[in-house]
Amino acid sequence: MLPRLLLIAVTVTAGSLLAQSPAPVASAEPVRPAYPVPGMSSTSPGPAAAAPALPPGVSAPSGYILSANDQVAVEVFGEEDLRTNGRLNGEGNLSVPLLGSIHLAGLTLTQAASRLTDLYARDYLVNPRVNVMLVGYAKRRFTMLGQINRPGSYEMPDGSPEGIDLLEAVAMAGGYTRIAAPERVSIRRHSSSGRDEIIRVDAKRLARGDRGNFTVLPGDAITVGESIF
């Protein structure tokens, strides 16, 4: 009789222990459903989109002076949100992030970068490094008139925005007519004093290499005279 009672006691004790055991704890890691759920992406989010790259610059002549309507790109190293690319307006100003409208006309690219560096360092950044690149020249034009095959207004070539040789300008306009007088070429130029000046040039001698060359500047109006014979 005693062994049977011991067996019953062991059985009851084991059952009590099982009843008191805590339930398994669920994992804290969420389980991704095996089927698509509306509004839930099946892939993890990718990295943030990179800031747009600046356009390539053009090869500006050494000491090039910025003027109204030149297109420039500004980069602040380590500050992608401050990248900008635009044209100087008619007053020679450029809209720059944080700084607003800044006058850059009349400065070289190095001077423009220095001015922006000083302005950023004054109120916004510690030891900023700024680079200013020329992206596109303002449209600079000259005019060919008189005894020339294609009279009209012409843009300065991109490689020579500040001036070209007179003989190159003549070639761009189709060369002389058969009654042209290359020895009688006049150039009307608007001087810094505000007055127009007339310059007389013997292009025939220039073509022979006798007298060097003559540079046509933006805004010049060239008139090729007519032969009197």
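A quick note: this is a predicted structure, and the numbers were derived from the prediction, not measured.
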Could you go through the side chain to side chain contact (heavy atoms under 4.5 Å, CB included) check for F214 and V185 one step at a time?
-> CA-CA 11 Å; F214 180 87; V185 175; over 6 Å; no

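- Of all the heavy atoms in A171 and R150, the pair that sits closest is O-NH2, 4.3 Å.
- Residues I148 and L217 are members of separate hydrophobic clusters, defined by side-chain heavy-atom contacts under 4.5 angstrom among Ile, Leu, Val, Met, Phe, Trp and Tyr.
- For the residue pair E168 and P157, the shortest heavy atom distance occurs at OE2-CG, 3.9 Å.
- Separating the CD1 atom in I164 from the CG atom in N213 is a distance of 11.5 Å, to the nearest 0.5 Å.
- A distance-only check finds no donor-acceptor pair linking the side chain of R83 to the backbone of A73 [under 3.5 Å].
- Counting all heavy atoms, side chain and backbone alike, A68 lies closest to A105 at N-CB, 4.3 Å.
- For the atom pair CD1 (I187) and CZ (F142), the distance works out to 11.5 Å, reported to the nearest 0.5 Å.
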Under the side chain to side chain contact (heavy atoms under 4.5 Å, CB included) rule, what do V135 and V72 come out as? Steps first, then yes or no, please.
-> CA-CA 5 Å; V135 176; V72 298; 5.6 Å; no

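- V132 and I65 sit in two unconnected hydrophobic clusters of ILVMFWY residues. Membership requires side-chain heavy atoms under 4.5 Å apart, directly or through other members.
- Considering all non-hydrogen atoms of both residues, T108 and G63 come closest at CG2-O, 3.8 Å.
- Distance CG/L116 to CG/L104: 5.5 Å, rounded to 0.5 Å.
- For the atom pair E75 CD and N85 CG, the distance stands at 11.5 Å (nearest 0.5 Å).
- T117 places a side-chain N or O within donor-acceptor distance of the main-chain N or O of A113, the cut-off being under 3.5 Å.
- Residues satisfying the side chain to side chain donor-acceptor pair (under 3.5 Å) test with R140, not counting sequence neighbours, are Y64, S67, D70.
- In terms of the side chain to side chain donor-acceptor pair (under 3.5 Å) criterion, residue partners of R141 (sequence neighbours excluded) are, by chain and number, S153, E155.
- The minimum heavy-atom distance between A173 and M144, with the atom names listed, is CB-CG, 3.8 Å.
- When the salt bridge (charged side-chain N to carboxylate O under 4.0 Å, His left out) test is applied to D196, the partners found at least two apart in sequence or on another chain are R188.
- Put simply, the side chain of D165 never gets that close to the backbone of T215: no donor and acceptor are under 3.5 Å apart.
- The CG atom of D220 sits 4.0 Å away from the CZ atom of R189 when rounded to the nearest 0.5 Å.
- Partners of L145 by side chain to side chain contact (heavy atoms under 4.5 Å, CB included), not counting sequence neighbours, listed by chain and number: T143, T223.
- Note that CG of L66 and CD of Q111 are 9.0 Å apart. Values are rounded to the nearest 0.5 Å.
- In this structure the side chain of L94 never reaches within 4.5 angstrom of the side chain of I102, judged on heavy atoms.
- The shortest side-chain heavy-atom distance between S186 and R200 falls under the 4.5 Å cut-off.
- Evaluation of the ring pair (Phe, Tyr, Trp, His ring centres under 6.0 Å) test over residues 99-136, restricted to residues two or more places apart or in two chains, returns none.
- A pairwise comparison of heavy atoms in A180 and V224 identifies CB-CG1, 4.0 Å as the closest pair.
- Side-chain atoms of R87 come within 3.5 Å of backbone N or O of N69 as a donor-acceptor pair.
- Applying the side chain to side chain contact (heavy atoms under 4.5 Å, CB included) criterion to S95, with sequence neighbours excluded, gives no partner residue.
- The side-chain heavy atoms of E91 and S101, taken from C-beta on, include no pair separated by under 4.5 Å.
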